[in-house]
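Note on naming: letters A, B, ... go to the chains in the order of the sequence lines (proteins, then strands), and numbering restarts at 1 for each one.
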Amino acid sequence: MPLRLFNTSSRTKQEIDVSGEEVTIYACGITPYSPSHIGHARQAIAFDTLVRWLRFQGIRVRYVTNFTDISDTIIDASKKEGVDFLEVANRHISDYRISMNRLNVLDADAYPRVTESIEGIISMIETLVKKGHAYLAGDGVYFEIDTAPEKYGRLTGQTLEMVRSGAGGRVASTGAGKRDHRDFALWKIAKPGEPSWDSPFGRGRPGWHIECSAMVHEHFGHQVNIHGGGSDLMFPHHEAEIFQSECCFNVEPFARHWMHNGMINVDGEKMSKSLGNFWTVSDAIDAVGPMVLRYALVNAPYRQPIDFNQVLLDDAEKNHGRLIESIISAGGVSIARQWSDIESLKNAEDSLIRGMDDDLNTRVAIAEMQSVVKMLRQANSSQDHSVASACVGWLSAYAGDVLGLLPDEESLQRMVGQASERRDEIREKVESFIAMREEARSERNWAEADRIRDVISELGVVIEDGESGTIWRMKDL
RNA sequence: GCACGAGUGGCAGAGUAGCUAUGCAACGGACUGCAGAUCCGUGUACCCGGGUGCAAAUCCCGGCUCGUGCUCCA
């Protein structure tokens, strides 16, 4: 049963097309002019979730996401710093890649850059001009909306008229050479001192929208299965892409499926630099750790807006902590390869699959994960190693491979192994302390018993008195 | 103004017609010297008003409120 994914274009959930050799996915990436923020992380994780889910089911995927490494904002930043624009871009790209790796976002199959795609961009613009969809003006080349009015509003439901009357004077001021304010730039003629490339239309740089059309074409040809990005890109960016690609190559639809993730607000307000409520990814990772941040971002389904606040982080920290702790507490149990003979695990698996197939409902997936964590904690408490082993296997697959909330299995093994090694190292010591404490307890010498518990605690060990005697575990890894 | 979306228990957040969502938090109890883990139990949750249905959080109509987009934005 293939994934049903919400298609912005039809506003319904639709099965994605898996009939081809591979599913092609293109996500609009970042403009690297400043450190990455948690909104970038959410977008990357949303598409990572899609890619992981398809691959987990054995579907071949080719995933490409780009860097817009030339833009007005990058030029501004480079002027401010007095460095080359590429230095600004490279620095923030590297920052982004590092952060995304820490967040367990799998590498894309390619990361095209605008500055390395100029040729394809120019060639598309030439075609559009030749076909009469674009015109040269004094300050650049523009796409003429009126040449394909029926394509307006494919994603946002707006019509030409609505945009003409709406938005007041805000749109009228941009793009001096436009014939109509709804036209958009394909090529911008450079001002003195700006980075620029030769083209038949004069030295300049690409407009924002054309680059993605060109890069999609370069990597996937005329059509792509799934295309998307943040929901703020629907208009005008993605609608502009539809104009460009469909008019240039005579295909329709250019993207079979449009996927858009929801935005992040901070303490109930839109996250923005002017409000001073901006969270960079590295700040957020420093605050709670990468896996807790990822948990917080997949706890809500990808299309829902997220309000980023302290309560959200506390909740994520607590719940993710329970996940990790349950696995560590399982000690050195082997990771089971299959678990379908345990009914509750099978049910949890079925429900998770149903949830993920229904528009990547990670919230349902996490609910099932939480019930397995609970089961594992019970198994740990009752020392039921075979159930514990099955639970750890389940979690490794679904919390790990699918949701990306755990290190990969090898690291997980290592983590569990290290915990058990350290356990072995101090076993003798701890057990003798426990024996001492047991003696004190039998004499009802509670002060001494508590003192010994404090000593044990300093070894990084938590003890719990239970029916079957006192069990102990490492506080953390 | 126009477009799109959303309003579920203390919080986060599933659920498209009838069966306990889940987790955290809270409260009561069991077990405990204490602590912790675990177990059992508790909370009359579905923005408002109509309508359709044997039955509605779930469908329809109307209203209210909120968010986002219409300008660079993940």
Side-chain angles (χ1 to χ4, degrees), chain A residues 8 11 27-31 33-34 36-47 65 68 71-73 76 96 153 155-159 161-175 181-182 208 228-237 239 260-265 268-273 296 299-301 303-307 309 311-312 314-319 322-323 325 329 348 351 355 358 361-371 373-374 377-382 440-441 444-447 449-450 453 457 462-467 470-473:
Chain A
T8 310
R11 274 179 219 103
C28 287
I30 61 162
T31 300
Y33 70 98
S34 67
S36 296
H37 60 249
I38 52 177
H40 297 139
R42 160 103 118 150
Q43 187 267 102
I45 288 170
F47 282 83
T65 188
T68 303
S71 72
D72 294 356
T73 45
D76 289 347
Y96 174 85
L155 300 178
T156 57
Q158 302 181 98
T159 64
E161 277 312 306
M162 288 170 183
V163 180
R164 194 197 306 274
S165 55
R170 285 175 294 174
V171 285
S173 56
T174 55
H181 75 254
R182 294 155 305 181
W208 177 34
S231 59
D232 52 348
L233 297 186
M234 282 186 238
F235 187 93
H237 185 59
E239 292 205 351
H260 291 98
N261 62 275
M263 298 289 102
I264 292 184
N265 298 318
E269 288 183 299
K270 180 176 171 169
M271 180 170 77
S272 75
K273 284 177 178 168
N299 191 221
R303 287 194 292 135
Q304 295 305 114
I306 287 180
D307 188 37
N309 57 46
V311 175
L312 178 86
D314 291 346
D315 190 66
E317 204 156 27
K318 186 142 196 166
N319 279 289
R322 282 170 64 86
L323 166 67
E325 192 187 276
S329 294
S351 168
D358 182 15
N361 193 330
T362 48
R363 180 56 239 191
V364 166
I366 283 182
E368 297 309 328
M369 179 198 91
Q370 284 168 327
S371 72
V373 167
K374 187 172 183 178
R377 290 167 74 91
Q378 288 167 359
N380 288 338
S381 180
S382 63
R441 291 178 75 205
R444 308 183 69 80
N445 186 351
W446 308 128
D450 289 349
R453 181 163 57 197
S457 173
V462 179
I463 56 172
E464 286 165 8
D465 302 325
E467 282 172 40
T470 300
I471 59 169
W472 62 281
R473 61 183 168 79

So which nucleotide from A74(B), G15(B), G33(B) ends up closest to the side chain of D358(A)?
G15(B)

Going by the rule side-chain hydrogen bond (donor to acceptor under 3.5 Å, both in side chains), which residues pair with S329(A) if we only count those two or more places apart in sequence or in a different chain?
none

Atom-pair distance (CE on M234(A); P on G5(B)), nearest Å:
9 Å

Starting at atom CD of Q304(A), determine the distance to atom P of G13(B), rounded to an integer number of angstrom.
8 Å

Take atom C1' in A57(B) and the same atom in A21(B), then report the distance between them in whole Å.
13 Å

Q304(A): side-chain hydrogen bond (donor to acceptor under 3.5 Å, both in side chains) partners, not counting sequence neighbours:
none

Among residues at least two apart in sequence or on other chains, which ones pass side-chain hydrogen bond (donor to acceptor under 3.5 Å, both in side chains) with N445(A)?
none

In whole angstrom, what separates E317(A)'s CD from A12(B)'s P?
18 Å

Both distances under 3.5 Å, Watson-Crick or G-U wobble: report the partner of C59(B), or none.
G51(B)

Tell me whether the OP1 or OP2 atom of A12(B) has a side-chain N or O from N309(A) closer than 4.0 Å.
no

Minimum-distance nucleotide (side-chain atoms of F235(A) versus C70(B), A12(B), U38(B)):
C70(B)

Of the candidates A37(B), A74(B), U22(B), the side chain of E464(A) sits closest to A37(B)

Within 90° of 0 counts as syn, otherwise anti: where does G53(B) fall?
syn

Return the value, rounded to whole Å, for the distance between atom CG of L233(A) and atom P of U68(B).
16 Å

Can you list everything that forms a salt bridge (Lys or Arg N to Asp or Glu O under 4.0 Å) with D450(A)? Sequence neighbours excluded, please.
R453(A)

Please determine, for the side chain of V364(A), which listed nucleotide (A14(B), U38(B), G23(B)) has the closest atom?
A14(B)

Determine whether a donor-acceptor pair (one donor, one acceptor, N or O, separation below 3.5 Å) exists between the side chain of R363(A) and the base of U22(B).
yes

Nearest-nucleotide pick for N265(A), side chain only, options being G67(B), G33(B), A12(B)
G67(B)

Base contacts versus sugar-phosphate-only contacts with protein, heavy atoms under 4.0 Å: please encode nucleotides 24-32 of chain B as B, S and - from 5' to 3'.
SS-------

Given C34(B), A74(B), U22(B), which nucleotide is nearest the side-chain atoms of Q370(A)?
U22(B)

Identify which nucleotide among U68(B), G23(B), A12(B) has an atom closest to any side-chain atom of L312(A), counting heavy atoms from C-beta outward.
A12(B)

Mark yes or no for a side-chain to base donor-acceptor pair under 3.5 Å between D450(A) and G33(B), with no hydrogen or angle criteria applied.
yes

When the C1' atoms of U8(B) and G43(B) are considered, how many whole Å apart are they?
15 Å

Using Watson-Crick or G-U wobble geometry with both distances below 3.5 Å, tell me the partner of A26(B), or none.
U42(B)

Separation of atom CE in M271(A) from atom P in U68(B), rounded to whole Å
13 Å

Sequence neighbours excluded, which residues qualify as salt bridge (Lys or Arg N to Asp or Glu O under 4.0 Å) partners of D465(A)?
R437(A), R441(A)

Complement of A35(B), any strand, by Watson-Crick or G-U distances under 3.5 angstrom:
none

Examine the base of A74(B) for any acceptor or donor lying under 3.5 Å from a partner atom in the side chain of H37(A), and report the outcome as yes or no.
yes

Residues in salt bridge (Lys or Arg N to Asp or Glu O under 4.0 Å) contact with R363(A), at least two apart in sequence or another chain:
none

Integer angstrom distance from the P of G7(B) to that of C48(B)
13 Å

In chain order, what residues pass the ring-ring contact (aromatic ring centres under 6.0 Å, His included) check against H237(A), with sequence neighbours excluded?
W208(A), H209(A)

Could you state the CZ-P distance from R11(A) to G69(B), rounded to the nearest angstrom?
17 Å

Identify each atom pair where a protein N or O and an N or O of nucleotides 45-47 of chain B are less than 3.5 Å apart, giving names and distance.
none

Using a cut-off of strictly less than 4.0 Å, decide whether K270(A) has a side-chain nitrogen or oxygen near OP1 or OP2 of G69(B).
yes

